[in-house]
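A quick write-up on the structure given underneath.
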Amino acid sequence: MDIRNETDTKNKSFKNFSIFLILLLLLIVTFFLNVGIGSVNIRVAEIIQIIFQLPTENEVHEAITNKIRLPRTIAAMIGGAALAISGLLLQVFFRNPIAGPFVLGISSGATLAVGFISLAGFTFGLGVISPFLIFIAAFVGAVSVMILVLLLAAKVRNITTLLVIGLMVGYLTSAVTSFLMAFAEKEHVHGFVMWSLGSYSGFTWDQVIVLAIIGLPMLFATFLISKPLNAFLLGEDYAKSMGVPTKLFRYVIVILASILAAVITAFTGPVAFIGMAVPHIVRTVFQTSDNKILIPSAILLGAILTSLCDLLARTLYSPIELPISAVTAFFGAPIVIYLLLKRRNTL
Amino acid sequence: MSIIKTEELAVGYGDKKVVENINIEALKGQFICLLGPNGSGKSTILRSLCGFLAPVGGKIFLKTRDISQIKTNTLAETMAVVLTDRLSPGLMTGFDIAALGRYPHTGFFGKLSQEDIEKTWEALHLVNAQDIAHRFFNELSDGQKQKLLLARALVQEPEVIILDEPTTHLDVRHRMEVMNILNTLTKEKGITVILSLHEIDLALKSCDIAILIKNNKILDYGPPEDIIQEDTMTNLFDIRSAHYNEFLGTVELTNDFPPSTFVVAGGGTGTRIFRALTKKGYGVATGILHENDVDYYIAKTIGTPLVSEMPFRDIREHTVKVAQKQIEQLERVVDTAFPIGSLNKQNIDLILYAVSIGKPVYSLRSRQECEDVYGEQAANVQTFENMNEMLQSFSSPEALTSPAVKATVGV
């Protein structure tokens, strides 16, 4: 075949490979920045020593690294990857570039459930409001909304209609949350609002393990569906004509995207922007919509951006910690606008 | 070999039947065309044949197997589709789009093998889209996109391709290109092509079997040469303001204005003038045309009063008389610069007659030619370089230097 085309293809894959390596490198750098920087700064060599459990002189550093910063950093990375992939899945599914992990009402479902607990004081007989209870509530809230959307998806033929229904369910749950807030006590409202703006603070290893056990298999599963996901770029009818069992595949996408978003949201509260923006950025950087390339790079970039934003959130006005959603949107939105203006293609 | 066969098929949405009693059979390598007005149910039938819509009644067989029993991925190996959906696949190049057609043939992760890549290029070359393969799909024109979607369908290596109005939105060049490619596929690769079309002429000239659909019924089914007649088309599309000529395969707007202009035509010189006069709203009568002249067919399709003579015969005295009668009743006579030969020399006499009774005569011949043809009467013939100039002088007759007295119009 054409020599020109062969070399073109090779150049392209070389370029993609290079960008991918750069992302990987950035991920490692971000990891050390996140673990190293804070009220106490810890050197890279020391971090490596602590991770590999080599003897160190400074027990405080060891404790900070092991108990606080490592779990938090890993959580931010997995969480960022989960939100980015959730967003990517839903953007492909809805063929709509402004779709994100929360369009199906997942975050508002979680928020409502948490609202019931922390605002209205329904503790389901558990007495105290523990972080674990909040997690359970948020997860159940998110998944219930997902199931509702799935039930509706069976009835709705048109995907855009489903998108609008998802948005409406979101508004509905937000409305109920607002009722709860209106009648709640003031100090409860502040805590609740801070939760709803998202934060990675206080992540424990136990939580990281739960996050990893649920999140990582879902990320892996997304890799497995990259082929039918590509066929979906042409729309449901074309996908079906190429052999994708579209009815089943709808459920697969919605379930994967919802669980990925739900599991991290349940721990951190809704983190804005990452899920919508990261897929845009990787598409623009790699100049492709091929999901085989986008999935791994969205995982890396989601992890990098989220952990960087978390770093900023806790260091910018230390000791005050900013809500992470504020940071992700404040720094992320200009990046996306810039990338969109720079290029000539529509998404 | 039968590729697709339907038995008492009824198609529609839910319980609502859109078209019933569909019994058709598509053989290997056949080019089948569904013709009918918008909303007649063409797309519904095609979507059912693709397996997108479950039949409301009856059955569809794909090579003897009931289509509803075939798994989607098995179906994809036999059947490819080109739809009317507007696609917005993001940052996919033309090549990416075409290569997606390999879907049923690639492995779990859809990685393209060397063979897949070669087959994709082959299809891109076949549809003449190799030069746009590296551009983003979203940047391309409708025609280019359609070629890529056709390539994508080919890359799937199907035995049957179903296309829903593949020529809509395309310019003439791309329309012909797409139809030619489809024709090649059926004749050379033995692929069965089933498509819906609006363009009667395209359908007539390319398909083996036409299926006429109107008011949710199959009106007729068979080779277009047998089933498409002038009135079929008029009925099918409810055309009142135009007529279809099955010999020439053209649609002509009907001229039902009261005749005011007698056009002396022949040898195809009248066709453009008939159309222009119809467009401007002038009623036309014409003659004397031999019944094997293209002008005769066009005039007949347009529906103008017409004086004709049997093919290859000298024009008889009686026929000339009829033409003279008509000229006497009309406002003006147009000479189309028809070629003159032994069979139609009476037409020259006809124009001289018009001059002699004082009708304004407009000629598209050059002045020199007029003098050669009409001799000293040429002075009474107004000549024009082109048709538009002539048409303009119709609306301002005072500019005419003809000595003619304006005749009263009697229709």
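The sequence lines fix the lettering, A, B, ..., with proteins before strands; numbering per chain opens at 1. Quick caveat: nothing in here was measured; it's all calculated off a predicted structure.
- Heavy atoms closer than 4.5 Å to chain B are found in the side chain of A:Ser226, but not in its backbone.
- Contact of B:Thr106 with chain A is made through backbone and side chain together, with heavy-atom distances under 4.5 Å.
- Nearest heavy atom pair, residue A:Ser241 against residue B:Gln156, reads O-NE2, 3.1 Å.
- Side-chain N or O atoms of B:Tyr103 include none that pairs as donor or acceptor with a backbone N or O of A:Asn230 at under 3.5 Å.
- For chain A, the nearby part of B:Leu149 is the side chain; its heavy atoms alone come within less than 4.5 Å.
- The greatest number of non-hydrogen atom pairs below 4.5 Å with chain B, out of A:Gly243, A:Ala231, A:Gly235, A:Pro228, is found for A:Gly243.
- Of the possible donor and acceptor atoms, one in the side chain of A:Lys227 sits under 3.5 Å from a partner among the backbone N and O of B:Gly107.
- Proximity to chain B is absent for every atom of A:Val92, based on heavy atoms less than 4.5 angstrom apart.
- Highest contact tally toward chain B, considering only A:Asp237, A:Thr246, A:Leu224, is held by A:Asp237 [criterion: heavy-atom pairs under 4.5 Å].
- Residue B:Arg47 touches chain A through its side chain alone, counting heavy-atom pairs closer than 4.5 Å.
- With a 4.5 Å cut-off on side-chain heavy atoms, A:Tyr238 and B:Leu100 do not count as touching.
- For B:Leu75, no part lies under 4.5 angstrom from a heavy atom of chain A.
- Chain A forms more heavy-atom pairs under 4.5 Å with one residue of B:Asp85, B:Leu83, B:Val81 than with any other, namely B:Leu83.
- Across all their heavy atoms, B:Phe109 and A:Lys292 have their closest contact at O-CD, 3.2 Å.
- Of all the heavy atoms in B:Leu91 and A:Arg283, the pair that sits closest is CD1-O, 3.3 Å.
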